[in-house]
There are 2 protein chains.
Amino acid sequence: MTSRQTRTRDRSDRGIPEATVARLPVYLRALHSLQDRGVATVSSEELAVAAGVNSAKLRKDLSHLGSYGTRGVGYEVEYLVYQISRELGLTQDWVVAIIGVGNLGRALAGYGGFASRGFRVAGLLDADDEIVGEEISGLTVEHIDRLEDIIGERGVSIAVIATPAGAAQGVCDRVVASGVTSVLNFAPVVLSVPEGVDVRKVDLSIELQILAFHEQRKAGGPDEFDALDGAAPKAAAPPGPPPGATPTQYVEAVEA
Amino acid sequence: MTSRQTRTRDRSDRGIPEATVARLPVYLRALHSLQDRGVATVSSEELAVAAGVNSAKLRKDLSHLGSYGTRGVGYEVEYLVYQISRELGLTQDWVVAIIGVGNLGRALAGYGGFASRGFRVAGLLDADDEIVGEEISGLTVEHIDRLEDIIGERGVSIAVIATPAGAAQGVCDRVVASGVTSVLNFAPVVLSVPEGVDVRKVDLSIELQILAFHEQRKAGGPDEFDALDGAAPKAAAPPGPPPGATPTQYVEAVEA
DNA sequence: AATTGTGAAGATCTTCACAGCC
DNA sequence: GGCTGTGAAGATCTTCACAATT
């Protein structure tokens with residue numbers, strides 16, 4: 001199969017663990033909020049509470065960026081904001097295109113959190129002629145036929161895919177062919193991309209399913225046979241057709 | 001501080017690792033897709049490819065549910081769909097309320113992925129009188145004053161918070177007080193909830209920031225001094241005011 | 001012959017607990 | 001005295017590789 005190794009990150013890799021990277025934006029938000037309240041200095045314990053993590057974890061995370069705190073005192077808020085922003089690459093602007101202007105695409109186009117953090121939406125694209133031409137949040141929706149031109153001309157470096165599931169892989173192939181190496185995918189499909197392209201996925205339905213799992217557990221595990229024997233959870237029914245009632249409908253709806 | 005331990009899951013805990021739970025919905029989607037194509041049996045390798053994971057991981061994940069495969073053959077698709085669905089609690093219906101009917105709330109209300117997987121949206125609530133009364137996806141938006149009644153009367157067990165950041169914690173407190181113990185939060189804040197309440201968070205801006213980090217790395221690390229000395233990355237500037245240019249604007253916009 | 005299920009090794013992530021510094 | 005930065009221990013997650021089973 002294709003190469004995999006060296007996943008943690010390219011070369012050079014000053015080695016910030018992925019788990020840490022995923023939390024830096026949370027710290028950043030908490031810091032901004034402190035800044036707004038005029039707080040100049042913060043301890044790891046305070047910031048950890050604001051960010052919803054353990055303070056040892058916070059300190060270790062920050063230690064990967066450098067030694068930016070002062071023992072006995074804490075961290076200077078403004079300075080830390082700057083360092084984290086720089087590490088995340090937010091001191092420069094990133095040009096984003098949103099592909100698929102349905103309900104979700106519109107919501108994304110109007111989302112204030114983009115602009116405020118150095119993400120500039122430079123294109124809204126859709127395949128539907130009804131939608132093309134419409135103005136949304138100050139941008140005119142363009143036809144997806146112009147995808148390659150738009151990406152090239154405007155220097156788009158992040159593509160947000162908010163199309164129906166069926167269209168997502170095709171769109172993804174096109175943006176990747178146009179040189180985009182970062183994709184945020186809202187369509188409920190697993191996108192396959194070449195080595196070197198980063199895909200992050202946001203899936204509303206998956207989040208709900210995870211909640212349902214825990215909710216069910218609170219109520220007392222999967223209804224039927226739970227702990228019959230103390231031994232290994234051997235099959236209570238052989239892998240023939242499902243036991244008891246038919247497994248409900250389970251239609252794969254087109255979703256989104 | 002408050003108790004923490006025993007986080008992995010309540011008591012009884014037939015012990016499905018959290019990482020596995022998070023992947024089960026992905027497998028389920030891949031299986032549905034196979035089902036649609038009329039596939040009756042699948043090997044771990046095939047399913048793994050469809051789900052975008054390593055096949056050993058897939059087998060280990062499934063082994064936590066039981067022994068539902070047949071050596072030398074593979075897994076029966078329909079049976080596996082049933083077992084995963086049951087484990088995730090999708091053989092019953094979950095009643096969902098969406099609070100905050102802005103762009104995002106509308107997108108969520110119209111999202112097909114909910115209904116098709118046993119999630120029934122039974123309420124759309126908003127504080128804005130302009131919006132209350134509007135009909136969206138077959139539901140009439142109700143006033144948030146009725147939150148407690150609606151949750152109680154309709155048996156809502158999962159609350160989706162899609163309000164502006166400032167309103168989220170207040171709404172969260174109210175849904176929790178009404179007995180909801182599962183919350184899906186789209187507002188860009190850390191919600192604090194009592195022990196026993198599950199919160200999952202979806203944050204668009206955070207995903208983009210993570211992408212930006214990797215994108216920047218591909219281009220060659222944070223612009224300035226990168227690897228100066230071979231020693232520890234000691235502070236290149238003391239924790240005084242930020243070095244060089246002012247750290248841009250960094251306004252904490254109201255977002256959403 | 002093919003494929004599952006799983007011990008064991010390895011990698012990554014979290015937490016503890018305390019030395020080191022202000 | 002207070003708080004950071006971090007080695008070391010512990011927990012969790014991933015991957016390998018192969019015995020078990022059909």
Side-chain angles (χ1 to χ4, degrees), chain A residues 1 3-9 13 15-24 26-27 40-49 51-77 79-80 83 231-235 238-240, chain B residues 1-9 13 15-24 26-27 39-49 51-77 79-80 83 231-235 238-240:
Chain A
M1 62 212 65
S3 61
R4 180 176 294 103
Q5 54 171 209
T6 327
R7 203 281 141 286
T8 331
R9 197 77 312 265
D13 192 1
I16 300 188
E18 198 50 42
T20 295
V21 172
R23 282 186 296 264
L24 291 179
V26 180
Y27 303 155
T41 286
V42 69
S43 71
S44 65
E45 181 59 33
E46 292 164 333
L47 184 52
V49 168
V53 303
N54 168 308
S55 70
K57 178 153 52 180
L58 169 61
R59 288 198 301 279
K60 180 141 287 190
D61 282 343
L62 294 183
S63 78
H64 288 115
L65 310 193
S67 222
Y68 296 144
T70 307
R71 292 170 202 238
V73 178
Y75 301 88
E76 210 237 300
V77 174
Y79 186 56
L80 199 49
Q83 291 299 345
K234 256 301 172 183
Chain B
M1 59 213 68
T2 48
S3 61
R4 180 176 295 100
Q5 54 171 211
T6 327
R7 204 279 143 285
T8 332
R9 196 75 315 262
D13 193 1
I16 300 187
E18 197 53 39
T20 295
V21 172
R23 282 186 297 264
L24 290 179
V26 180
Y27 302 155
V39 177
T41 286
V42 69
S43 71
S44 64
E45 181 59 33
E46 293 163 332
L47 184 53
V49 168
V53 303
N54 169 307
S55 70
K57 178 152 56 179
L58 169 61
R59 288 199 299 279
K60 180 140 288 188
D61 282 342
L62 294 183
S63 79
H64 287 115
L65 310 192
S67 221
Y68 297 144
T70 307
R71 292 170 202 236
V73 178
Y75 301 88
E76 209 237 301
V77 174
Y79 186 56
L80 198 49
Q83 291 299 345
K234 255 303 171 184

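Below, chain A is the first sequence line, B the second, and so on; all start at residue 1.
- Here the side chain of R71(B) is nearest to one of dA17(C), dT3(C), dG7(D), namely dT3(C).
- Phosphate proximity of dG5(C) to S67(B): present, with a side-chain N or O under 4.0 Å from OP1 or OP2.
- One finds the CZ atom of R23(A) at 10.0 Å from the CG atom of L62(A) (value rounded to the nearest 0.5 Å).
- Between dT4(D) and S44(A), a contact under 4.0 Å exists linking OP1 or OP2 to a side-chain N or O.
- Checking dC18(C), dT15(C), dC13(D) against every side-chain atom of R59(A), the shortest atom distance belongs to dC18(C).
- Across the protein-nucleic acid pair, H64(B) atom NE2 and dG7(C) atom P stand 10 Å apart, rounded to whole Å.
- The side chain of R23(B) has dT14(D) as its nearest neighbour among dC22(C), dG5(C), dT14(D).
- Taking CG from D61(A) and CG from L24(A), the interatomic distance works out to 6.5 Å, rounded to the nearest 0.5 Å.
- Sequence order on DNA chain D of the closest nucleotides to A56(A) and V73(A) puts V73(A) first from the 5' end.
- Atom CD1 of I16(B) and atom C1' of dT12(D) are 16 Å apart (whole Å).
- Among the nucleotides dT15(C), dC13(C), dG5(C), the one closest to any side-chain atom of E18(A) is dC13(C).
- How far CZ of R59(A) is from OG of S43(A): 9.0 Å, rounded to the nearest 0.5 Å.
- Distances were taken from every side-chain heavy atom of K60(A) (C-beta onward) to each of dT14(C), dT3(C), dC13(D); the shortest belongs to dT14(C).
- Residue contacts for A19(B): at a heavy-atom cut-off of 4.0 Å it reaches the sugar-phosphate backbone alone, with no base atom in range.
- Rounded to whole angstrom, the span from the CD atom of E45(A) across to the P atom of dT15(C) amounts to 13 Å.
- You'll find that the side chain of Y75(A) is closest to dT4(D), out of dG7(D), dT4(D), dT14(D).
- Here the straight-line distance linking atom CG of N54(B) with atom NZ of K60(B) works out to 11.5 Å at 0.5 Å rounding.
- E76(B) contributes atom CD, which lies 10.5 Å from atom CD of Q83(B) (distance to the nearest 0.5 angstrom).
- Among the nucleotides dT15(D), dC16(C), dT14(C), the one closest to the side chain of N54(B) is dT15(D).
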